[in-house]
There are 2 protein chains.
Amino acid sequence: MPKRVDHGERRAAIAEALIKVAARRGLHAVGMREVAAEAGVSLRLVQYYFETKEKLLLAGLHRLAERFGERFSAHVPAAEEDRAPRAVIEALLRAALPTDEDSRTFHHLYTSYAVLAVTDPELARQPFIKSPDAAEDTLGALLRQARDADQLRPGTDPRSEAVGLLAMSAGLGTSVLVGQRTAEAAAEVLRYRLDRIFRPGAPGTSA
Amino acid sequence: MPKRVDHGERRAAIAEALIKVAARRGLHAVGMREVAAEAGVSLRLVQYYFETKEKLLLAGLHRLAERFGERFSAHVPAAEEDRAPRAVIEALLRAALPTDEDSRTFHHLYTSYAVLAVTDPELARQPFIKSPDAAEDTLGALLRQARDADQLRPGTDPRSEAVGLLAMSAGLGTSVLVGQRTAEAAAEVLRYRLDRIFRPGAPGTSA
DNA sequence: ACGATGTTGGTACAGCTGTATCATCAACGG
DNA sequence: CCGTTGATGATACAGCTGTACCAACATCGT
């Protein structure tokens, strides 16, 4: 079997296995042996591609961040077309909610990493800021665009709204995760919030 | 030494030690030996008062929830007096932000527990819902009160705003925790949000 | 005064963790 | 065609974890 192997591919597969295991049993409970089993390789292999556990966890975080970027920006291109800004933004924020199993694990693990970052200096230097910042920029731009099209209520500050909306979305996401409310209820709160930001009667506005 | 000892008091002290250790090194890294050392007792003692680690963690969560209730409702009684609803609510939400070290550890650990609850069924049944629900009720009541005093912009739904504000506060809290923004910046976003809820010129409104 | 009881200390144990070591095997370069 | 090298497997190891066990000791009821 031992031919030359694509390291990057291998590492990605193992990192993916890490994410799967962490989603199932919690990031704190993940062990290298279990990751190896999930990836269908030997423990030694995991050691081979990521020398240490810390590096493995780091790789998992990066993979997660990639997903975040993809998932978020995957909904933006559609905005360039003729859809109403209101609809685009709502779709964006809805996608950030833990509805399907995929976004559930994303929320779960991202929060896990964030918690670890509070005490682990190495993790604290990781891209915990970049991705959210980028999201804020994107959403802010969309809102500014809507304001320029005179679709927002007067006195609205796009930047502050963007930050607030994303923070709210994150908070709602956590509450859904712990079972305090359903994803639908959270989406409803989001919808209400947007109704209060957009001018009544703006395209895409509900009711 | 062995006289009759107040179990409740002892348990509280040890739980407090758990919280201190967890705040310093992360909830995932906490061990019974370290808790014992922090509390200044022997490992055996920790075992004696909490037979198992799981029960110790549970006790820590309950202690944390108590703090939450105290901290939150400690600001409410003052509301019964003559202070403007706007000021009371802002103070409330500000208090929920990780400003001082105390609220930092609260945010940190509460989030840690929430993350654990996703995979641990025993934790999932704990009061993760009750306290936040109570907070939503309280804040909702305050907003309703403000609306009845005609201090809110027309069309505002107190309940939805309460849920949204608390979710936003939680999300902002996390962002402060991971160092994405300062507590002051978060408070500023909160202030802006309240300005958009309260009628311009309502008592306590900024600018 | 004395035994029962609540409280405490010391310590051992089994299991799991991440990591290191040694050996093997396939493939390619010369 | 052979040795160097990349890739993999098996296994050993030291450390830490939560938990269990055993002994001691002060206090209280009688």
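Proteins come first, then strands; the chains are lettered A, B, ... in the order of their sequence lines, and each starts at number 1.
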- For A/H7 and D/dG6, is the shortest distance between a side-chain N/O and OP1 or OP2 below 4.0 Å? no
- Task: Would you indicate which nucleotide in C/dT7, D/dT8, C/dT8 comes nearest to any side-chain atom of B/R10?
- Result: C/dT8
- Kindly determine whether A/Q145 and A/Q151 satisfy side-chain contact (heavy atoms from CB on, under 4.5 Å), including the steps that lead there. CA-CA 9 Å; A/Q145 189 178 319; A/Q151 295 187 5; over 6 Å; no
Between [N] atom [atom2] and [X] atom [atom1], what is the distance in whole Å?
{"X": "B/K53", "N": "D/dA20", "atom1": "NZ", "atom2": "P", "answer": "15 Å"}
{"X": "A/D6", "N": "C/dA27", "atom1": "CG", "atom2": "P", "answer": "17 Å"}
{"X": "B/L57", "N": "D/dT17", "atom1": "CG", "atom2": "C1'", "answer": "13 Å"}
{"X": "B/E54", "N": "D/dT19", "atom1": "CD", "atom2": "C1'", "answer": "14 Å"}

- Contacting residues from residues 35-52 of chain B, given that a heavy atom lies under 4.0 angstrom of DNA chain D: B/L43, B/R44, B/Q47, B/T52
- Message: Contact list please: residues 12-33 of chain B against DNA chain D, heavy atoms, distance less than 4.0 Å, in numerical order.
- Response: B/V30, B/G31, B/M32, B/R33
How many angstroms lie between atom [atom1] of [X] and atom [atom2] of [Y], to the nearest 0.5 angstrom?
{"X": "B/R94", "Y": "B/L194", "atom1": "CZ", "atom2": "CG", "answer": "9.5 Å"}
{"X": "A/I19", "Y": "A/L61", "atom1": "CD1", "atom2": "CG", "answer": "9.0 Å"}
{"X": "A/L172", "Y": "B/M168", "atom1": "CG", "atom2": "CE", "answer": "11.0 Å"}
{"X": "A/R24", "Y": "A/E34", "atom1": "CZ", "atom2": "CD", "answer": "6.0 Å"}

- Query: For A/H7 and A/Y48, what are the C-alpha separation, side-chain angles and deciding distance, and is it a side-chain contact (heavy atoms from CB on, under 4.5 Å)?
  - Reply: CA-CA 10 Å; A/H7 270 224; A/Y48 184 65; 4.1 Å; yes
- Task: Using a strict 4.0 Å threshold on nitrogen-to-oxygen distance, state whether B/E90 and B/R86 make a salt bridge.
- Result: yes
- Query: Taking A/Y192 for the side chain and B/G164 for the main chain, is one N or O donor matched with an acceptor at less than 3.5 Å?
  - Reply: no
- Note on the structure: Secondary structure of DNA chain D per the Watson-Crick/G-U criterion (both distances under 3.5 Å; [ ] crossing, | other strand, . unpaired) is ||||||||||||||||||||||||||||||
- Message: Determine whether A/V115 and A/L27 satisfy the following criterion, side-chain contact (heavy atoms from CB on, under 4.5 Å), listing intermediate values before the conclusion.
- Response: CA-CA 11 Å; A/V115 162; A/L27 188 60; over 6 Å; no
- Kindly indicate, with the supporting measurements, whether the criterion side-chain contact (heavy atoms from CB on, under 4.5 Å) is fulfilled by A/L57 and A/Y113. CA-CA 9 Å; A/L57 289 180; A/Y113 276 110; 4.2 Å; yes
- Task: Starting from the C-alpha separation in whole Å, work towards a yes-or-no answer on side chain to side chain donor-acceptor pair (under 3.5 Å) for B/R193 and A/S160.
- Result: CA-CA 8 Å; B/R193 197 39 296 124; A/S160 296; over 6 Å; no
